[in-house]
**Q** 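Below is a structure I'd like to ask you about.
One-based numbering, in listed order, for ligands and for the atoms of each. Quick note: residue numbers are just sequence positions, from 1.
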Amino acid sequence: MRLVICDTVDYVAEWSAKYVMKRIKDFEPNKDKYFVIGLPTGGTPLGMYKKLIEFYQAGKISFKYVKTFNMDEYVDLSRDHHESYHYYMYNNFFKYIDIDPQNVHILDGNAKDLTKECENFERKIEEAGGIELFIGGIGPDGHIAFNEPGSSLASRTRVKTLAQDTLEANARFFGNDINKVPKQALTVGVGTVMDANEVMILITGSHKAFALYKAIEEGVNHMWTVSAFQQHPRTIIICDEDATLELRVKTVKYFKSLWDIHCKLIEDISQLKI
Ligand code: GLP
C-alpha cells in the first residue's frame, strides 16, 4: 500500500488529479480501449474534480474514451435533487468535460427493481472490461462508498440501509434535518471495488484521522470497511497532514521518506509546490 501525505487539502486535490491524468494518459485509451474509472462523491473529491476540469480546459487531457461508474446513490431521491449523486456528478464534473453521457454509469435509486438495478450495474462493469482505477472517499467511521461498518468485505453492489453515523454526517447536506436524509442507498460492494486493478482513496481532515489509523495500522476488519484495501495489490491513499494525526510518528516518517518516489508517479513534478 502507498500512503501519499500532502501538506494541505488543496495539494491532495492537485496530487490526485495529476495522478488520474497520468494514469489515463499512460493507458492511451482509444475507441477500442476505454479507460474505466470508478468515481466517488462527497466534499473530499471536489477539489480533484476542479483540477481535472482545469486540465481538460487547458487541453492536457480528454475524457472521450473514458467510461465512468459511480460508487453509490441514494434511494428515492429524485435525480434533480441538489443532493443526489446524479446532480453532483453532472454539476461538479461531467458538464465541464468531453465525456460521452453514454459512458457515464450512476446507479438509479429510483429504479422499480433495485436488486435488478444493482445486478445490472455489476454486469455493465464486467462488460466494460472491469475497472482500471477505482477512486473512493471514506466516512469518519471508515466506510467506503456506503459500505457501512459490518458490511461484508466480499459484498457486491446492493441496497444498503445507512448507519446512524452516516445519517448524522450527511444531515448537513439536508438542512441539518436528519429526517430528510434518505435512509437507504445503492452502493458498490467492497468486493466490487477490490476487483479494480487499482484503488485510490482520498482522506482529508482530522475527523477522519482515526479511520485512517484503522485503515492502515490495524488489521483488516469489516467494522472499518476501508481496511479491506490492505489486501489489494495496488492501493494508494492520498491524505493531508490532518488525517495523519492518529498515526504513529514512525508510520508518518516512513511514508514521508518516500515522497520523492511518490512524486515520480505523477507527471510534470516541476509544477508542484513541494
Ligand atoms: C458518503 C458517500 C461516500 C463518501 C463519504 C464522505 O457517505 N457515500 O462515498 O466517501 O460520504 O464524504 P465527504 O468527502 O464529504 O466527507
Side-chain angles (χ1 to χ4, degrees), residues 6 8-10 12-13 16-17 37-51 68-77 81-89 91-93 105-109 118 121 131 133-151 155 157-174 176 178 180-194 196 199-212 214-215 223-229 235-240 242-243:
C6 298
T8 62
V9 167
D10 286 350
V12 169
S16 52
I37 190 164
L39 295 176
T41 54
T44 314
L46 274 177
M48 177 191 72
Y49 290 134
K50 272 200 193 118
K51 278 280 162 199
T68 68
F69 287 87
N70 262 80
M71 298 198 110
D72 42 17
E73 176 59 291
Y74 289 113
V75 167
D76 272 347
L77 193 66
H81 188 287
H82 57 93
E83 287 308 328
S84 86
Y85 292 169
H86 278 82
Y87 184 95
Y88 172 108
M89 288 310 299
N91 286 293
N92 290 308
F93 194 35
H105 305 87
I106 306 179
L107 285 152
D108 179 3
C118 294
F121 198 73
I131 291 177
L133 176 66
F134 217 132
I135 307 173
I138 64 164
D141 61 1
H143 72 240
I144 178 109
F146 271 127
N147 292 285
E148 301 287 28
S151 294
S155 50
T157 306
R158 69 211 182 290
V159 185
K160 244 349 239 181
T161 299
L162 304 184
Q164 184 66 19
D165 276 1
T166 305
L167 297 178
E168 282 167 17
N170 290 355
R172 68 197 147 114
F173 300 122
F174 293 85
N176 283 319
I178 198 163
K180 290 199 178 129
V181 186
K183 307 275 177 295
Q184 288 192 312
L186 302 185
T187 179
V188 293
V190 181
T192 319
V193 184
M194 283 292 281
V199 180
M200 175 173 120
I201 302 168
L202 309 180
I203 305 180
T204 60
S206 55
H207 62 304
K208 295 196 181 162
F210 196 68
L212 179 58
K214 285 283 184 181
M223 295 311 286
W224 297 84
T225 51
V226 64
S227 65
F229 298 98
T235 297
I236 180 165
I237 296 180
I238 308 176
C239 70
D240 67 348
D242 287 350

**Q** Could you list the atoms of ligand 1 found under 4.0 angstrom from a heavy atom of Gly137?
**A** 10 (O)
**Q** Answer with side chain, backbone, both or neither: which part of Tyr85 has a heavy atom less than 4.0 angstrom from an atom of ligand 1?
**A** side chain
**Q** Specify the protein heavy atom at minimum distance from atom 16 (O) of ligand 1: its residue, its atom name, and the distance to 0.1 Å.
**A** Lys208 NZ, 2.6 Å
**Q** Can you check whether Gly43 has an N/O within less than 3.5 Å of an N/O in ligand 1?
**A** yes
**Q** Checking Asn70 side chain against Asp72 main chain: does a donor-acceptor pair fall under 3.5 Å?
**A** no
**Q** So is His143 polar-close to ligand 1, meaning N/O to N/O under 3.5 Å?
**A** yes
**Q** Please report whether ligand 1 has a polar contact with Asp72, defined as an N or O pair separated by less than 3.5 Å (distance criterion only).
**A** yes
**Q** Assert yes or no for the condition that the ring centre distance of Tyr74 to Phe146 is strictly below 6.0 Å.
**A** yes
**Q** Please determine whether any non-hydrogen atom of Ala145 lies less than 4.0 Å from an atom of ligand 1.
**A** yes
**Q** What residue and heavy atom of the protein are closest to atom 12 (O) of ligand 1, and at what distance?
**A** Gly42 CA, 3.9 Å
**Q** Does NZ belonging to Lys180 count more than 12 external heavy atoms closer than 6.0 Å?
**A** no
**Q** To check your reading of the model: name the closest protein heavy atom to atom 4 (C) of ligand 1, its residue, and the distance in Å.
**A** Thr41 O, 4.2 Å
**Q** Suppose I only count heavy atoms of Arg172 and a 4.0 Å limit; which atoms of ligand 1 are within that range?
**A** 15 (O)
**Q** Return yes if some donor-acceptor pair links the side-chain N/O of His143 with the main-chain N/O of Pro149 below 3.5 Å, else return no.
**A** no
**Q** Could you tell me whether a side-chain N or O of Asn92 sits under 3.5 Å from a main-chain N or O of Tyr88, the two making a donor and an acceptor?
**A** yes
**Q** Would you say Thr225 and Glu148 are linked by a side-chain donor-acceptor pair, where the criterion is simply a distance under 3.5 Å?
**A** no
**Q** For ligand 1, is any non-hydrogen atom under 4.0 Å from Thr44's backbone (N, CA, C, O), its side chain (CB onward), both, or neither?
**A** both
**Q** Please test Phe174 against His81 for ring pair (Phe, Tyr, Trp, His ring centres under 6.0 Å), starting from the C-alpha separation and ending with a verdict.
**A** CA-CA 11 Å; Phe174 293 85; His81 188 287; 5.7 Å; yes
**Q** Ignoring hydrogens and geometry, is there a side-chain-to-backbone donor-acceptor pair from Lys183 to Val181 under 3.5 Å?
**A** yes
**Q** For ligand 1, indicate whether the residue Ile138 contacts it via side chain, backbone, both or neither (heavy-atom separation under 4.0 Å).
**A** backbone
